[in-house]
Structures are given as structure tokens and as C-alpha cells.
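Remarks on the structure that follows.
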2 protein chains.
Amino acid sequence: MAILGFLRDFPLHGYDLKNRVASLAGHVRPIADGTLYPTIKKLEDAQCLTRRTAPGSVAAPRHMLEITQTGTDQLRRWLRDPEPGFITDDNKWYVLLAFLHHLENPREQALVLTRRREFLDRPAQLFFDEQGAPIPPERLESPFRKGLMQIHRSTNLTEIDWLDRQIGELNARAGFTAAR
Amino acid sequence: MAILGFLRDFPLHGYDLKNRVASLAGHVRPIADGTLYPTIKKLEDAQCLTRRTAPGSVAAPRHMLEITQTGTDQLRRWLRDPEPGFITDDNKWYVLLAFLHHLENPREQALVLTRRREFLDRPAQLFFDEQGAPIPPERLESPFRKGLMQIHRSTNLTEIDWLDRQIGELNARAGFTAAR
DNA sequence: GTTTTTTACCTCGGAGTCGATATATCTTGT
DNA sequence: ACAAGATATATCGACTCCGAGGTAAAAAAC
């Protein structure tokens, strides 16, 4: 998704792509060569991108990669109807968010944000005692588990706040567009 | 790490373990059977845990798992000197945090928190233009990328705040312990 | 002029994980 | 009596990803 997402902005070669994906680090762990290049080949075989060999502007020759219509369609399908992991796994979610603007319909964008919003609403119960009874944060002995739950709650609220505002804006835009 | 970490609290059987690991979801994606049971066997082979077959209190017989001294040592090694991914990958970091109290020396705990703190300090530059020049948040066209960076900054500050307080407390405790 | 570094691409083996599938036990509902 | 469902453990094939290694070209350092 990240490969097609970046290529949708403008053509890039593999090495550049690697750096851009890696720079999403902090959110996403950098991608290894052994992952990137086979994946590019796979996307090429699936006609999602084309490559043109160009002389390297700095050193070795590059393979300039360009997204195709098939690739754009694939990207939009992934964004429009993401697998569950892309909603529940923070790393994957942030990747999706980085490219959600490539889904052009605001109503569809709002729908994806709503799925994430609903996931964040589910109360997270992280720790249980011997009997399987949930342990509330104030009864946790470990300061690290206490901190973990504090941070979790706080960051969830931050994201929920943003999601609600964003969903509101998108729906307003969608309504306006439909009413035109 | 999660298996040994949970067993360090009290003995559990595989099925219970699965539910507890899964309940860290929101942070961690639930563990599959095909991952859990081979991993238990691997830990048993490595003498990190022992199993006693016990009649199931509810249904089928269970394998009660208990951590050994070897297992405790292994857990402590993982916690004391975590691989880079455990510092930089949020999912892994939160697992580590959930069990950091099993590292009993406050000075060692503080050291791990400091590594995370240093990682969070590195300014995250997520997006670049065609020329490879960084795009500041205010020049981003996508509201999703803008939100992504806002949320990232905000949640980072929350965690840094907690880390600093916690590191301070731990160092005070370590100093006091050393001074006794 | 030769080595080192940076850029750039590629492959292979191994480790880890999942999903499907299988098995067995006990309780509950019909 | 029988089926269904929750409990509980285990294996296997497929897939993904990483890390180590290799190739090559141009620039920079020595």
C-alpha cells in the first residue's frame, strides 16, 4: 500500500521509495531491501506499476517506477475496504491514513474514519487477575502498566477528538457535493 | 516475551494465555493458535517453562504452564537489553512496558525508559516532496497527513511527559537504594 | 591510481505468523 | 439420547518479511 501510495503522488525509483517508507518510521519500521524489491516485482507482475530504466542522476542506473490505472484501482480498493488489521493495528492504520487522500470520495473517506472511530470506542481491558477478573488501572501494582493505560487512554482521546472533527467536515462536504 | 511475562505473574494454561495476550489487543493484535502452541513448545524445549497436565476445571484437560528460573532469566535479559524493534515499534514497546516491572532493578528499568525517551526525541520527518525536501505540516495538502502528524506530536508529548516523571522517580529510588 | 563510500538493485535462506484443519472433553439444550 | 457449543491442544502448508550476501556504477577520498 505504501509503495502504490507514494507512487500515486509522483514517479519514484526503488531506492527513493525505500527512504520514504523508512521515513514513516516512528510509526512504521523501515522496510528491508529483501522486502521492497520482491514486492516491487510482484506489483509489476500484477500490472500495478511500470518501470523505465533511467541513467542514475547521482550514481548507478535507476528503475523509475510509475503507477498504472490498475495500480491506482488496487490502491483505492485497499483504502476503501481495508483489512481488519489496518483498522486495529496502529502501525498499519497510520500507513493507511497517510494515503487516504487518494480515495477521492469524501463519503468513502468518512466511512473508513468511522470504522477506526468505532474500534477506538471499544473499551480496552488489558489486564486480568488469577481468576480472570479485570483489574482496573487504580488497582495495578506496576507503575508501567498504570502508565501504559494512562497513555493509551490519553492518546485514544486525542485521536477520537480529531476523528470526530474530521468525520464531521467530510460529511458536510459530502452533503454539499450531493446537494449541488 | 508476553508468554513468559504473563507466566511470571502466576501459572496459566495455553488457552488462558491466548486470551490474555489477545486482551492486550488495541495495542497488540491477538495471537493465533498456530503461533501460540509452537511457541510454547519452543519455550519448553529451551527449558524456559514446565508443563503439568491437569484435569480441565471446565472442559478438556489443560496443560498448566509454569515459568522456570531459566525462563525468568531469559525474560529479564529480553527486558534489560531489548532489541531495537522493541524500542521503535509501538506495538512491541507496549508489550515490553506491560512486563517491565519484572526487571527488578529500578536503575535498569530507568535505562530502558531512557532508550525509549531518546527515540521519541528524534524529530520525525514523515513526508517529502519530489526533490526530497521535507514538507512541514502546514504545507501538507492532505488533511489526513496533517492529522497524522498532529496526533503523532500530541501522543509523543504525552508519552514523553510520563517517561520523564517515571525516569525521575526511578532514579530517585535507585539513588535512595544505593545510599542505604 | 587505487580504495572507500554512496547510490542502486537483486536473491536466497531462515524465521515467524497465520489460517485451516483436526482432535478430544465436558456442559448445555432439545 | 443426541446435537451443539465452549473449552483446550496441536499440526501443517502457505505466506511474509528480514538479514546477509552479492553485483554494479559513479563519486569522493587517499
May I have the distance from [X] (atom [atom1]) to [N] (atom [atom2]), rounded to whole angstrom?
{"X": "B:Lys18", "N": "D:dT7", "atom1": "NZ", "atom2": "C1'", "result": "9 Å"}
{"X": "A:Lys92", "N": "D:dT16", "atom1": "NZ", "atom2": "P", "result": "11 Å"}
{"X": "A:Leu36", "N": "D:dA20", "atom1": "CG", "atom2": "P", "result": "18 Å"}
{"X": "A:Asp16", "N": "C:dA8", "atom1": "CG", "atom2": "P", "result": "8 Å"}
{"X": "A:Met1", "N": "D:dT16", "atom1": "CE", "atom2": "C1'", "result": "16 Å"}
{"X": "A:Ile40", "N": "C:dC10", "atom1": "CD1", "atom2": "P", "result": "7 Å"}

Phosphate-side-chain proximity, [X] and [N], N/O vs OP1/OP2 below 4.0 Å:
{"X": "B:Arg62", "N": "C:dC26", "value": "no"}
{"X": "B:His13", "N": "D:dT7", "value": "no"}
{"X": "A:Lys41", "N": "C:dC9", "value": "no"}
{"X": "A:Lys42", "N": "D:dT16", "value": "yes"}

Presence of salt bridge, [Y] and [X], under 4.0 angstrom:
{"X": "B:Asp90", "Y": "B:Arg116", "answer": "yes"}
{"X": "B:Asp45", "Y": "B:Lys41", "answer": "no"}
{"X": "B:Arg165", "Y": "B:Asp161", "answer": "yes"}

Closest of C:dC10, C:dT7, C:dT11 to the A:Arg51 side chain is C:dC10

Steps toward side chain to side chain donor-acceptor pair (under 3.5 Å) verdict (A:Gln109, A:Asn105): CA-CA 6 Å; A:Gln109 293 172 338; A:Asn105 185 338; over 6 Å; no

Where do N or O atoms of nucleotides 19-24 of chain C meet protein N or O atoms at under 3.5 Å, pair by pair?
none

For A:Phe99, is the NZ or CZ atom of A:Arg8 found under 6.0 angstrom from the centre of its six-membered ring and inside 45 degrees of the ring axis? no

